[in-house]
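See below for the structure under consideration.
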Amino acid sequence: MIRICWVLFVSILCISAVLNIFSKSQIELPNNGEEYEKVRLVMTANGTEIGIESLTARRFANLVKLASGGNVQIEFYPNDELTGGNTNEAVKALAEGAFDLGAYVSGTMSLLDSRLEVATIPWSFSSYQEARQVIDHSGGDYYAKILSEYGLVYLGSTHNAMRQLSSNINPIRKPEDMQGLRIRVLGGEVYRLFFAELGATPVPLGWSELNVAIQQGVIQGQENGFFLMKSGRLNKIQKYMTVWNYLYENYLFVANRKTFDSLEPKTQKLLKEKMLEACEWSRNYLENREKHIRTEFEEEGLQVIDLTDEELAVFKEKIRPLREKLKAKYGEEACKAFRIDMDKNFKKDDDV
C-alpha cells in the first residue's frame with residue numbers, strides 16, 4: 001500500500017512539473033527580447049472557415065500573437081461577416097480603412113484596379129512552383145505598387161488554385177461541349193471574357209451563393225481548384241470535372257495603409273515576416289492536399305477528366321486572340337513582372 005502511494009505521489013509530482021513547464025511556456029511567449037505595442041487588428045476575408053485563405057489567416061494571427069508575446073492580436077472574420085456577405089463592399093471598406101487587414105483573390109481585388117488580374121491571363125503558368133517563383137521574384141513587387149495606389153499594403157500571396165472546370169450537364173473535352181453552359185465565375189473580367197469566348201454563359205456570383213444556385217439549376221457549372229471545391233462540398237453536386245489548369249488564381253493579403261503606418265516599425269516588420277511564413281506554409285499545405293482530394297473525388301463518384309495535349313491545344317488556340325488582347329490591355333510592365341510568355345527560369349538578380 002505504501003509502495004502504491006509512493007508511486008502515485010511521484011507520478012503527481014512529474015505531472016505537475018510538466019504542467020508547470022507548459023504553463024510557463026504559454027506565459028513567457030518568445031518575442032526575441034522585443035517589447036511590442038499592444039494593438040488589436042481586424043481582418044476580413046470572404047472564404048469559409050476551412051478555405052485556404054482562412055487557414056492562412058488564422059495561422060498568421062497565431063504566429064503574430066506568439067512572436068509578440070500576446071501584445072499584437074488579430075481578430076479574423078471569414079465569410080465577409082462584417083459586410084453581411086457582400087464581398088465588393090468588404091474590399092471597398094478595406095481600402096477605406098474600415099478594416100485593418102484582408103485576404104481576397106486577385107480577381108476580386110481587381111474591382112479596385114483591373115491590372116491586379118494580370119496573373120490570371122489563361123495558361124500563363126504551368127505549375128504552382130512556377131507561379132511561386134514569379135510572384136516571389138517580381139510579381140509581388142508589381143502587386144505592391146498597384147495596391148499602394150489604393151491605400152493598401154501588400155503583405156503576401158498564397159495559392160487559391162490552378163483552376164479546373166466542373167459541370168452537372170456533360171463531360172467537357174472540347175469547346176463545343178461548353179456551348180450555352182451557365183457557369184459561375186468570379187467578378188474579374190478575365191473570367192467573363194474567357195468563358196464567353198468559348199461559348200459558355202458566364203454568371204458572376206458570390207461564393208456563398210454558389211452551392212444553392214447549382215442545386216436550384218440556376219448555375220450548371222463552376223471553375224475552381226480541388227481544395228476549394230472540397231471546402232464548398234461542390235463535388236457532391238457536380239458530376240464531371242475537367243482538369244486543364246487553365247488559370248492560376250491567388251489570394252492577396254493586404255493591410256490598410258493608414259492602419260499599417262500607425263504601427264511601430266517593429267510591428268510592421270513582424271506582420272510582414274509572419275505573413276510570408278504563413279503563406280509559405282499554406283502553399284505547401286494546399287499542394288499536398290490537392291493530390292489526396294482528387295483521389296477522394298474519384299472514389300466518391302465524380303468523373304475526373306484529364307485533357308490530352310491535343311485537346312488542350314484546341315482550347316488554347318481558341319482563346320489566343322483574347323490572350324493577346326489582355327496582354328495589350330495590362331501593358332508591358334505588368335506582363336514583364338509576371339513573365340507572361342517569357343522564360344520563367346530566372347535568377348533572383350534578373351532585371352524585371
Side-chain angles (χ1 to χ4, degrees), residues 87-88 91-92 94-96 102-163 185-198 202 204 223 244-257 279 312 315-352:
T87 300
N88 291 2
V91 171
K92 293 177 183 176
L94 179 60
E96 292 168 359
Y104 291 93
V105 293
S106 59
T108 298
M109 293 297 287
S110 71
L111 294 168
L112 300 175
D113 193 308
S114 63
R115 290 175 293 175
L116 292 171
E117 208 172 10
V118 61
T120 64
I121 292 177
W123 285 298
S124 292
F125 298 110
S126 61
S127 67
Y128 284 121
Q129 196 57 42
E130 191 175 81
R132 284 187 189 224
Q133 185 185 36
V134 170
I135 291 171
D136 292 346
H137 177 79
S138 54
D141 292 337
Y142 184 80
Y143 283 140
K145 175 183 176 181
I146 302 303
L147 288 166
S148 67
E149 298 175 12
Y150 297 89
L152 296 171
V153 178
Y154 172 75
L155 298 178
S157 164
T158 195
H159 303 320
N160 176 343
M162 294 296 292
R163 300 180 81 92
V185 296
L186 287 170
E189 70 167 353
V190 173
Y191 297 90
R192 297 194 301 272
L193 294 173
F194 176 85
F195 285 102
E197 191 76 14
L198 293 175
E223 52 77 52
W244 58 349
N245 293 338
Y246 90 97
L247 182 148
Y248 172 81
E249 178 68 275
N250 58 327
Y251 284 101
L252 304 181
F253 289 83
V254 300
N256 175 266
R257 169 59 70 183
C279 286
L312 271 174
F315 283 100
K316 290 179 179 180
E317 180 60 27
K318 184 82 173 177
I319 60 96
R320 187 172 58 83
L322 173 61
R323 289 189 86 255
E324 295 304 314
K325 186 185 302 184
L326 291 172
K327 285 165 58 180
K329 175 176 180 176
Y330 298 138
E332 182 179 355
E333 181 186 7
C335 291
K336 191 174 182 181
F338 287 92
R339 300 273 172 148
I340 306 298
D341 291 343
M342 295 172 60
D343 178 13
K344 295 181 175 63
N345 294 315
F346 53 84
K347 298 179 181 178
K348 285 292 183 181
D349 58 353
D350 280 357
D351 292 334
V352 296

Check: Got more than 12 heavy atoms from elsewhere within 6.0 Å of NZ, K318?
Finding: no

Check: Counting only heavy atoms not in E332, do more than 12 sit closer than 6.0 Å to its CD atom?
Finding: no

Which atom of [X] lies closest to which atom of [Y], heavy atoms considered:
X	Y	result
Y154	A144	CB-CA, 3.7 Å
A337	V134	O-CG1, 3.7 Å
P204	P202	CD-O, 3.8 Å
G156	C279	C-SG, 4.1 Å
Y143	A119	OH-CB, 3.6 Å
V190	P122	CG1-CD, 3.9 Å

Margin query: Consider ring pair (Phe, Tyr, Trp, His ring centres under 6.0 Å). Of Y251, Y248, F125, which one does H159 pass it with?
Written below: Y248

Check whether any side-chain N or O of [X] sits under 3.5 Å from a backbone N or O of [Y] as a donor-acceptor pair, and report yes or no.
X	Y	answer
R163	L247	no
N256	A95	yes
R192	V185	no
R339	D343	yes

Item checked: Residues in side chain to side chain donor-acceptor pair (under 3.5 Å) contact with K329, at least two apart in sequence or another chain -> E189

Check: side chain to side chain donor-acceptor pair (under 3.5 Å) with E96: which residues, sequence neighbours excluded?
Finding: none

Rounded at 0.5 Å granularity, tell me how far [atom1] in [X] sits from [atom2] in [Y].
X	Y	atom1	atom2	result
L252	T158	CG	OG1	10.5 Å
S138	Q133	OG	CD	9.0 Å
L116	L147	CG	CG	5.0 Å
L94	L112	CG	CG	8.5 Å
D141	K145	CG	NZ	10.5 Å
Y246	T120	OH	OG1	8.0 Å

Checklist line | K325 with E197: basic N within carboxylate O range, under 4.0 Å | finding: no

Note to self: Using a strict threshold of under 4.0 Å (side-chain N to carboxylate O), is an ion pair present between E333 and K336?
What the structure shows: no

Checklist line | Pairs touching residues 117-131 that satisfy salt bridge (charged side-chain N to carboxylate O under 4.0 Å, His left out), sequence neighbours left out | finding: none

Next item on the list: Name the orientation class of the two ring planes belonging to W123 and W244 (parallel below 30°, tilted from 30 to 60°, perpendicular beyond 60°).
Entry: perpendicular

Notebook entry, point to check: How about M109 and Y150: do any of their side-chain heavy atoms sit closer than 4.5 Å?
Noted result: no

Item checked: side-chain contact (heavy atoms from CB on, under 4.5 Å) assessment of E149 paired with R115 -> CA-CA 12 Å; E149 298 175 12; R115 290 175 293 175; 3.0 Å; yes

Note to self: Using side-chain contact (heavy atoms from CB on, under 4.5 Å), reason through I121 and F338 one step at a time and then give a plain yes or no.
What the structure shows: CA-CA 10 Å; I121 292 177; F338 287 92; over 6 Å; no

Margin query: Evaluate R323 against I340 for side-chain contact (heavy atoms from CB on, under 4.5 Å), listing each step before the verdict.
Written below: CA-CA 10 Å; R323 289 189 86 255; I340 306 298; 3.9 Å; yes

Margin query: Please determine whether side-chain contact (heavy atoms from CB on, under 4.5 Å) holds for the pair L326 and L193, giving the CA-CA distance in whole Å, both sets of side-chain angles, and the decisive distance to 0.1 Å.
Written below: CA-CA 10 Å; L326 291 172; L193 294 173; 4.2 Å; yes

